[in-house]
J.: 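Would you mind keeping the following structure in view while I ask a few things?
Chain naming here is simple, since letters A, B, ... match the order of the sequence lines and numbering starts at 1 in each.
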There are 2 protein chains.
Amino acid sequence: MNNRQTKPESVIARPDADNTGAEGNQRAIRDAIRDAIVDRRLLPGTKLTETDVGALFNVSRTLVRGALQALAHEGLVTVERNRGAFVANPSPEEARQIFATRRIIEPGILMEAARHMTPSHFRQLREQLVDEGRLMNERGQSARRAEIKASGDFHLMIAAMTGNAVMQRFMDELIARSSLVISLYGQSTVSSCGHNEHTEIVDAIEAGQMDRASRLMVHHIHHIEADLDLRVRRANELRDVLLP
Amino acid sequence: MNNRQTKPESVIARPDADNTGAEGNQRAIRDAIRDAIVDRRLLPGTKLTETDVGALFNVSRTLVRGALQALAHEGLVTVERNRGAFVANPSPEEARQIFATRRIIEPGILMEAARHMTPSHFRQLREQLVDEGRLMNERGQSARRAEIKASGDFHLMIAAMTGNAVMQRFMDELIARSSLVISLYGQSTVSSCGHNEHTEIVDAIEAGQMDRASRLMVHHIHHIEADLDLRVRRANELRDVLLP
DNA sequence: ATCCGCCAGATCGTATACAATATGCCTCGC
DNA sequence: GCGAGGCATATTGTATACGATCTGGCGGAT
């Protein structure tokens, strides 16, 4: 079905993220669940019972709990006291806030990254663009997933080029949550215009037109958000649904 | 000694931060340790032995571990596998990254916040400025701590005014880490010029001169960083110290 | 005297046990 | 038939237990 297993999970080196010192086990669980969420194999609202997850990985609830709490911290999981953990189901409002945050942050990142870019970095970006283009022309669920991931990787790649680990970690979280939101609210109509915009952005950077690049980036994020259907309340915010 | 206990910990409502669902206990421990770190009652590098902390709060290691991992995620604590948790000891490089991140983010936050500001918000800011001024004229350790906290609160207050919870959480973390860095690398010479700059910023916003406000904010953050002595490696980064 | 290995204490990593809480079903009374 | 109460089950919250790993000191060999 999907051959994602065989290819490296992501081009971007995940910064040792949190210094949680968590050994490989907890980390592995967390990463597995995170990928599953971002990839939409785990649908929003899905209950993540500690025992069940533990059974899957052959570990005790202790480790699972740790992983779930970490994911909660990243915003990919919500935990309700005495009720358990669920795959996050971001509200339209939360989605808007995520993209608003990105519009605030990413132009600045772009500027900062540009100051550190070497020819090798540009090559890396161009390769990424090629990959995106390839995925854009494929069909099927798995390709769409890969496309969302690749699209996020582009932004992460730029963030990584700032050499700023603090920034990179924030972006990591933002992109993960964005992916979740996109798979939740994304229209079926392919939002592949994104690819062209990525290309334009790289062109602008390479041409030294940083103002233009910044503007393009803001528009690009706007477009991503515009491609969502945030009118529908996709699921159970119950209170908002029931009370007038 | 310090009367901080009697006054509300912070003017800013901490957004339910992570949805860690963690019950009051773990949350309480985390907050207590966080405050102690940011307030510099716990010095960087201090070992936080799970058993000891647990004894202090009369809880088991389980909860302490959770709290420490959360703090690690926030960057206030580092955890070394099989060695335990320590109060973070941010390197000068990390300090630079934190302030670089703030310079990228905060102007945008300012713009966004300004769009939502009501007269009531301005009153709130003015009150904050008065508090800062009062603290500036006091002497003593406790006053200095309060000053650092108040200075951070100003920035948090603006972030809160964006109404963007995602953003607010990032800033929360950034400010906490900034406070830690300031108490680590801050010169004894009072960096109280900050207060005047805060005032100027509010003035600019109120006058609708957002460009000016943004520039002032960037400069302000630059000044905070400039007041640090990042040349000295304050403590044990060992590798960098030993290897030529 | 110095260095090496070994043992003991401390501390962490993980699993398990027990208590607390929520959920669903089932019965009982009306 | 319908609703209330209560028990059974499932799941979480917290504590404890046990094995693993690190740290530091002691004694013997060189």
Side-chain angles (χ1 to χ4, degrees), chain A residues 16-33 37 42-73 76-89 235-239 242, chain B residues 16-33 42-73 76-89 235-236 238-239 242:
Chain A
D16 194 5
D18 43 274
N19 319 326
T20 198
E23 171 249 347
N25 263 350
Q26 174 165 328
R27 178 67 172 268
I29 299 173
R30 209 175 67 191
D31 289 347
I33 298 181
I37 293 176
L42 276 172
L43 295 185
T46 306
K47 174 107 197 270
L48 298 170
T49 304
E50 296 176 358
T51 310
D52 296 354
V53 178
L56 278 173
F57 290 93
N58 287 312
V59 297
S60 74
R61 283 177 49 212
T62 310
L63 294 186
V64 178
R65 266 182 93 79
L68 290 176
Q69 285 191 214
L71 288 168
H73 204 111
L76 294 181
V77 157
T78 60
V79 179
E80 297 177 34
R81 161 124 188 131
N82 277 324
R83 298 220 344 103
F86 304 82
V87 177
N89 199 342
N236 33 33
E237 200 57 69
L238 78 129
R239 180 185 49 212
L242 300 180
Chain B
D16 195 6
D18 42 272
N19 319 326
T20 197
E23 170 251 347
N25 263 349
Q26 174 165 326
R27 179 68 173 267
I29 298 173
R30 207 175 69 191
D31 289 348
I33 298 182
L42 276 173
L43 295 185
T46 305
K47 175 106 195 274
L48 297 170
T49 304
E50 296 174 357
T51 310
D52 295 354
V53 178
L56 278 173
F57 290 92
N58 286 313
V59 296
S60 74
R61 282 176 50 211
T62 309
L63 295 184
V64 178
R65 265 183 92 78
L68 290 176
Q69 285 191 214
L71 288 168
H73 204 111
L76 293 181
V77 156
T78 60
V79 179
E80 297 177 34
R81 162 123 186 132
N82 277 323
R83 299 220 341 105
F86 305 82
V87 177
N89 200 342
N236 32 33
L238 79 129
R239 180 186 51 214
L242 301 180

J.: Would you compute the distance between atom CG of B:Leu48 and atom CG of B:Leu76 and round it to the nearest 0.5 angstrom?
T.: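 Rounded to the nearest 0.5 Å, the CG-CG separation comes to 11.0 Å.
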
J.: For a quick test of reading the model, state the closest non-hydrogen atom pair linking B:Pro44 to B:Val87 and the distance between them.
T.: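 Answer, listing the atom of B:Pro44 first, then B:Val87: CA-CG1, 3.6 Å.
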
J.: I want to check one thing: is the phosphate of C:dT23, taken as OP1 and OP2, less than 4.0 Å away from some side-chain N or O of A:Lys47?
T.: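 False: A:Lys47 side-chain N/O out of range (4.0 Å or more) of C:dT23 OP1/OP2.
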
J.: Which atoms form the tightest heavy-atom contact between A:Ala67 and A:Ile29, and what is the distance?
T.: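 In terms of heavy atoms, the two residues are closest at CB-CG2, 3.8 Å.
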
J.: How close do B:Leu68 and B:Ala85 get, counting heavy atoms only, and between which atoms?
T.: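 Minimum heavy-atom contact is CD1-CB, 3.8 Å.
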
J.: Quick one: CG on B:Leu63 to CG on B:Asn58, what's the gap to the nearest 0.5 Å?
T.: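 The distance works out to 11.5 Å.
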
J.: Nearest to the side chain of B:Ser60 - D:dA15, C:dC18, C:dT14?
T.: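 Of all the options, the side chain of B:Ser60 is nearest to D:dA15.
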
J.: For B:Arg61 and for A:Arg61, find the nucleotide of DNA chain C with the closest heavy atom, then tell me which residue's nucleotide is more 5'.
T.: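 Closest to the 5' end, via its nearest nucleotide, is B:Arg61.
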
J.: Please report, rounded to the nearest Å, how far the P atom of D:dT12 is from the CG atom of B:Leu63.
T.: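 Whole-Å distance recorded here is 16 Å.
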
J.: Please report the interatomic distance CZ(A:Phe86) to CG(A:Leu43), rounded to the nearest 0.5 Å.
T.: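 These two atoms lie 14.5 Å from each other.
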
J.: Keeping A:Ser60 on the side-chain end and A:Thr62 on the backbone end, is there a donor-acceptor pair under 3.5 Å?
T.: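 Such a contact is found between A:Ser60 side chain and A:Thr62 backbone.
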
J.: Specify the separation, in whole Å, of atom CD of A:Glu80 and atom C1' of D:dT11.
T.: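 Taking atom C1' of D:dT11 as the reference, CD of A:Glu80 is at 13 Å.
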
J.: Residues from residues 49-57 of chain B sitting under 4.0 Å of DNA chain C, heavy atoms only?
T.: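 Those residues whose heavy atoms fall under 4.0 Å from DNA chain C, taken from residues 49-57 of chain B in numerical order, are B:Thr49, B:Glu50.
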
J.: Do B:Asn89 and B:Thr78 pass the side chain to side chain contact (heavy atoms under 4.5 Å, CB included) test, and can you show the C-alpha distance, the side-chain angles, and the key distance before you say yes or no?
T.: CA-CA 8 Å; B:Asn89 200 342; B:Thr78 60; over 6 Å; no

J.: Between the protein and nucleotides 21-25 of chain D, are there any N/O to N/O pairs under 3.5 Å, and if so, what are the atom names and distances?
T.:
from   : atom 1 : to      : atom 2 : distance (Å)
D:dT23 : OP1    : B:Arg83 : NH1    : 3.1

J.: Search all heavy atoms of B:Phe57 against all heavy atoms of B:Ala32 and return the closest pair with its distance.
T.: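 Minimum heavy-atom separation between B:Phe57 and B:Ala32: CZ-CB, 3.7 Å.
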
J.: Would you tell me if any nitrogen or oxygen in the side chain of A:Thr62 comes within less than 4.0 Å of OP1 or OP2 on C:dT14?
T.: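 It does not, given that no N or O in the side chain of A:Thr62 lies less than 4.0 Å from OP1 or OP2 of C:dT14.
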
J.: Return the value, rounded to whole Å, for the distance between atom CG of B:Asn25 and atom C1' of D:dA15.
T.: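 Computing the B:Asn25:CG to D:dA15:C1' distance gives 12 Å.
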
J.: Roughly, in whole Å, what's the span from CG in A:Asn58 to C1' in C:dT16?
T.: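 In whole Å, C:dT16 C1' lies 16 Å from A:Asn58 CG.
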
J.: To check you understand the geometry: which heavy-atom pair defines the closest contact between A:Gln69 and B:Gln26, and what is its length?
T.: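 Taking A:Gln69 first and B:Gln26 second, the nearest heavy atoms are NE2-NE2, 3.0 Å.
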
J.: If I compare all heavy atoms of A:Arg30 with all of A:Ala70, which pair ends up nearest, and what's the gap?
T.: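 Shortest heavy-atom contact: CD-CB, 3.2 Å.
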
J.: C:dC12 P sits how many Å from B:Leu48 CG, rounded?
T.: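 From B:Leu48 CG to C:dC12 P: 10 Å.
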
J.: What is the bend of the helix from C:dA1-D:dT30 to C:dC30-D:dG1 when you compare the axis at one end with the axis at the other, using five pairs each and rounding to 10°?
T.: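 Roughly 10°, once rounded to the nearest ten degrees.
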
J.: Please report, rounded to the nearest Å, how far the P atom of C:dC12 is from the CZ atom of B:Arg65.
T.: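 After rounding, the gap between these two atoms is 8 Å.
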
